[in-house]
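Remarks on the structure that follows.
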Amino acid sequence: MTKSEDMQSAPNLNAAAPPFDYNPSAWSQRIPLAVLAGVAFVISAYMALYQWRLIAEVWDPIFGQGTHQVLDSDVSEQMRSWLRIPDAALGAVAYLGDAIYALVGTTRRWQYRPWMVLLFGLDVIPLGIVSAILVVIQGTVIGAWCFLCLVTALISLILVYWAYDEVWATLKYLWRVWQKTKDWRTLWRVFWGGAAREADEVALMQKGAA
Amino acid sequence: MWARVVEVMLGCWLGLSPFIFRHTAEEKGFWVNDLLCGFAVVTLALASFWHPLRHARIAIAAIALWLILFGFLTAPPAPPASQNHILTGLLLLMFAIIPNEANLPPRAWRTYLIEKENL
């Protein structure tokens, strides 16, 4: 691809995505999210190393032995026999997915790759809420608290809050495409990154502007 | 194409896995699986750089699903080698989903925008 072709094909990648007056796919939105998910990945991987007994101790400045009790609990062992891998390792993969998918795509991916944003949203939002609930349940059921687990649960909730605007802008865009075309095939094609004139027309349309 | 590069690295990891996880001579299934899957992943990821085979990542996703399934075939508690299959499979699946030209709008939109520009 030549340089001029590249420039032509990337018009205003920083357009604001309705219903917001900013661009939720901008790097300034996505990079902090990726960094925070990266922190959660490192913490989870660290706890997984303990569950594998590749390290003997886990750092916990507040609850002392609590972290060991949670990571070695019956609940955790049960999860491990279902999942085959330690629950912290699965959490680490999920946080890595959050970080990677936050970085994939252009700053107008809410329009050009809706599937990518929704996949990212599925990784961040339901998984984040479920894992936060699980951590709290672990604390109440086992009767022990784990400082690093609580940190990752807090990070999960911040990630949900940071990710929601991009997912919402994408869903709104797909909804406008449907309203305009009433055609499942167009909607399906646009969802998977196909181009459609109608989709381009409604992409930047604010509510009430039509 | 950075996701394809990561897949090459994961393929190399699979190829080294029999030596890292010390499969015994009796564990022929593990040996064959790890070496074959590793070779296939590296080959397919590199093949994606050739335009006619740009969709080769779909086959990598299939291998990733196989690795996850293969890891679950052993009864719990899973040996480290099986946990490695599951985790490497999950990572490969995560990357295989990412398009080749992820840092550009999809081809269909690029074509559309160029045509719009030339009208």
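Keep in mind that what you see is a predicted model, and the values were worked out from it rather than measured. In what follows, chains are A, B, ... by sequence order, proteins preceding strands, each numbered from 1.
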Q) Taking all non-hydrogen atoms of both residues, which atom of A/A15 and which atom of A/L204 are closest, and how far apart? A)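 Scanning both residues completely, I find the closest heavy atoms to be CB-CD2, 3.7 Å.
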
Legend entry - B/P76 vs A/R80 side-chain heavy atoms within contact, under 4.5 Å: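 No, too far: nothing below the 4.5 Å cut-off.
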
Worksheet entry | Salt bridge present between B/E101 and B/R110 (N-O < 4.0 angstrom) |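 Yes.
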
With a 4.5 angstrom heavy-atom cut-off, is it the side chain or the backbone of [X] that approaches chain B, or both, or neither?
| X | value |
| --- | --- |
| A/L96 | both |
| A/W52 | side chain |
| A/D123 | neither |
| A/Q111 | both |
| A/A196 | backbone |

Discussion item. For the interface with chain A, which of B/A102, B/A108, B/P80 has the highest count of heavy-atom pairs at distances below 4.5 Å?
Written reply: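 Looking at each of B/A102, B/A108, B/P80 in turn, B/A102 comes out on top.
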
Task: Polar side-chain atom of A/R30 near backbone of A/V104 as donor-acceptor pair, under 3.5 Å - done: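 Pair found, side chain donor or acceptor close to backbone of A/V104.
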
message: Please report whether the ring centroid of A/W168 lies less than 6.0 Å from that of A/Y164.
response: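 Centroid distance A/Y164-A/W168: not below 6.0 Å, so no.
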
